[in-house]
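Take a look at the structure set out below.
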2 protein chains.
Amino acid sequence: MCCDLEHSETVEDYLKAIYHLDCRGEPTTTSEIARALDVSAPSVSTMMSRLADAGLAERSDDRQVRLTGHGMRHAREVVRRHRLVETFLAEVGVPWDEVHAEAEVLEHALSANLTDRIDDWLGRPERDPHGDPIPPRDGDYAEEWPAPLRAAPRGARFVVDRVSDRDSAALRYLGEMGIRPGTPLVVEDWDPFGGPLWVTVGGERVALGEQLTHLVRGVVAERNPRTGDHGEVST
Amino acid sequence: MCCDLEHSETVEDYLKAIYHLDCRGEPTTTSEIARALDVSAPSVSTMMSRLADAGLAERSDDRQVRLTGHGMRHAREVVRRHRLVETFLAEVGVPWDEVHAEAEVLEHALSANLTDRIDDWLGRPERDPHGDPIPPRDGDYAEEWPAPLRAAPRGARFVVDRVSDRDSAALRYLGEMGIRPGTPLVVEDWDPFGGPLWVTVGGERVALGEQLTHLVRGVVAERNPRTGDHGEVST
DNA sequence: CACGCCAGTTAGACGACTCTAATATAACCG
DNA sequence: CGGTTATATTAGAGTCGTCTAACTGGCGTG
């Protein structure tokens, strides 16, 4: 009896985890998935055979897990719901550092119908509040992952594109400093020995702890020292 | 390990079912609960002992189940979430005949924090789109169940108070005729042998099938034939 | 080559929730 | 009083998802 596997919350969480690991080029191994979902390796092992039986994923020869077309479609649908909910909640006044946690639960509770309604209500947004792209209803889609701020050279102009939604406290902190998708920064200086990265944001010089420089991603546009011009700006 | 019983979706569904049966004076027996939740009687039996162990419900001597103070508080919280979600969805444009089904799932996915935010965003509404009262954050509360339309005498003025959210199609039908909480009707005539109830709504004379007269509840205010005045009108 | 480490799987168990089938209790009626 | 009927519970099983403990298999290094 029972349960469609397909639509179980647990399965959706696994699909999403595999999708996310895959997206940023991290290995989609048993242990990585286990770490991502905070479950034991055997649990993952068991679930992987079930996903394989259901035609949602298959294991490739290099010990990695790969989503099938079907699994990929489903994973993308979950991500779509997640990011639409985040955008929606932000729109009605929930602070951007709180929307992720709520969406983590709500993503499993939205019907396809309601998801589309929310999408329409929002005017078919392309990005969630953290700058993450919202997969379209259907059609092609691939995520780009711009470089983290820590990779930006001194003196660079840097336009924030995405901010990791993982750490709520960091998000709130960044928000207070006015750092969000679209914000232009100038990378001033790296203090040595794990010291802060100094950047200028909105005319103010602020110090960013090392951890934050991993969470903020964006596009570097080298400043042209002659004209002060800068290259293309994303979005 | 695991599972808090308290916060399981299944438990919340049981608590809500008991609450609803209790509210409208229906017997809260094993078989009624089973019917309400569409599960077998043994499943209910098992769950009732678990609820009793958890201090959420107890069985009284007359074969009825009674929620404890704790269980009642929890049930009311679930109902509050449900009705706030309904109100919220209606507010952002989801048709009133669809909100119930969505809320049935979403009610389990809202954090206390988000629930309160939605409540504030809506301006602390007292009724959901079907006219059902929204339990307050805390404090006293009891549901009134006004009489169904079928009990209204011919010639009566009748103000719709609540419309059952159970039957989506009926709800859509009633909506199309302009019948919703607050709508004043005049009861014209009952055709015999299960024939329709004729009412005037917004100046138009419409026929309501027998089933609909159970779903619409409200307050009868006898028309005073001399003045055309009518009695108090609820909200 | 052998040893040990690390990743992954299998084995066995448990809890939550459900079911069907069988049993017990109570209530009603000839 | 005895029998039927309705209602509730117990018994036994199955699924989903998790765990720990034990086993397997590859790979690097002494």
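All values below come from the heavy atoms of this structure, side chains included, with hydrogens, waters and symmetry mates left out. Lettering of chains follows the sequences in order, A, B, ..., and the numbering in each one begins at 1. Remember, predicted model here, so these are calculated numbers, not experimental data.
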Response to the item:
Hits for ring pair (Phe, Tyr, Trp, His ring centres under 6.0 Å) against A/Phe158, two or more places apart or cross-chain, chain-then-number order -> none
Item to complete: Would you tell me if any nitrogen or oxygen in the side chain of A/Arg59 comes within less than 4.0 Å of OP1 or OP2 on C/dT9?
Response: yes
Item to complete: Taking only the side-chain nitrogens and oxygens of A/Ser8, find out if one of them lies under 4.0 Å from OP1 or OP2 of D/dG17.
Response: yes
Worksheet item: Within less than 4.0 Å of OP1 or OP2 of C/dC19, is there a side-chain N or O belonging to B/Ser43?
Response: yes
Worksheet item: Starting at CE of A/Met47 and ending at P of C/dT9, how long is that distance when rounded to a whole Å?
Response: 14 Å
Practice prompt. Return the value, rounded to whole Å, for the distance between atom CG of B/Asp62 and atom C1' of C/dT25.
Written response: 16 Å
Worksheet item: How many Å lie between CD on B/Gln64 and P on D/dT7, as a whole number?
Response: 12 Å
Practice prompt. Among C/dT10, D/dG17, C/dT18, find the nucleotide with the atom closest to the side chain of A/Val11.
Written response: D/dG17
Discussion item. Please list all pairs meeting salt bridge (charged side-chain N to carboxylate O under 4.0 Å, His left out) that have one or both residues in residues 92-106 of chain A, counting only residues at least two apart or in different chains.
Written reply: A/Lys16-A/Glu104, A/Asp97-A/Arg172, A/Glu98-B/Arg117
Discussion item. Measuring from the side chain of A/Thr10 (C-beta onward, heavy atoms only), which nucleotide among C/dT18, D/dG17, C/dA11 has the closest atom?
Written reply: D/dG17
Item to complete: Could you tell me if the ring centre of A/Tyr19 sits under 6.0 Å from that of A/Tyr141?
Response: no
Worksheet entry | Minimum-distance nucleotide (side-chain atoms of B/Arg63 versus D/dA8, D/dG17, C/dG8) | D/dA8
Item to complete: May I ask you to verify if any side-chain N or O of A/Thr46 is less than 4.0 angstrom from the OP1 or OP2 atom of C/dT10?
Response: no
Worksheet item: Does the side chain of B/Ser45 get closer than 4.0 angstrom to OP1 or OP2 of D/dT9 through an N or O atom?
Response: yes
Worksheet, complete the sentence: To the nearest angstrom, the CG-P distance between B/Asp53 and C/dG15 comes to 14 Å
Worksheet item: Taking the nucleotide of DNA chain D with the closest heavy atom to each, which residue, A/Val39 or B/Thr30, is nearer the 5' end?
Response: B/Thr30
Discussion item. Here's one to test your reading of the geometry: is the NZ or CZ of A/Arg162 within 45 degrees of the ring axis of A/Trp145 and under 6.0 Å from its centre?
Written reply: yes
Item to complete: State which of C/dT18, D/dA11, D/dG17 makes the closest approach to the side chain of A/Arg50.
Response: D/dG17
Worksheet item: B/Glu9 has an atom CD; how far is it from atom P of C/dT18, in whole Å?
Response: 11 Å
Worksheet item: Charged N to carboxylate O under 4.0 angstrom, A/Arg217 versus A/Asp161?
Response: no
Discussion item. Below the 4.0 Å mark, does D/dT18 have OP1 or OP2 next to a side-chain nitrogen or oxygen of A/Tyr14?
Written reply: yes
Worksheet item: Distance check: side-chain N/O of A/Thr29 vs OP1/OP2 of C/dA7, anything under 4.0 Å?
Response: no
Worksheet item: Do the side-chain N or O atoms of A/Ser40 get closer than 4.0 angstrom to the phosphate oxygens (OP1, OP2) of D/dC19?
Response: yes
Practice prompt. Provide, to the nearest angstrom, the distance between the CE atom belonging to A/Met48 and the C1' atom belonging to C/dG8.
Written response: 12 Å
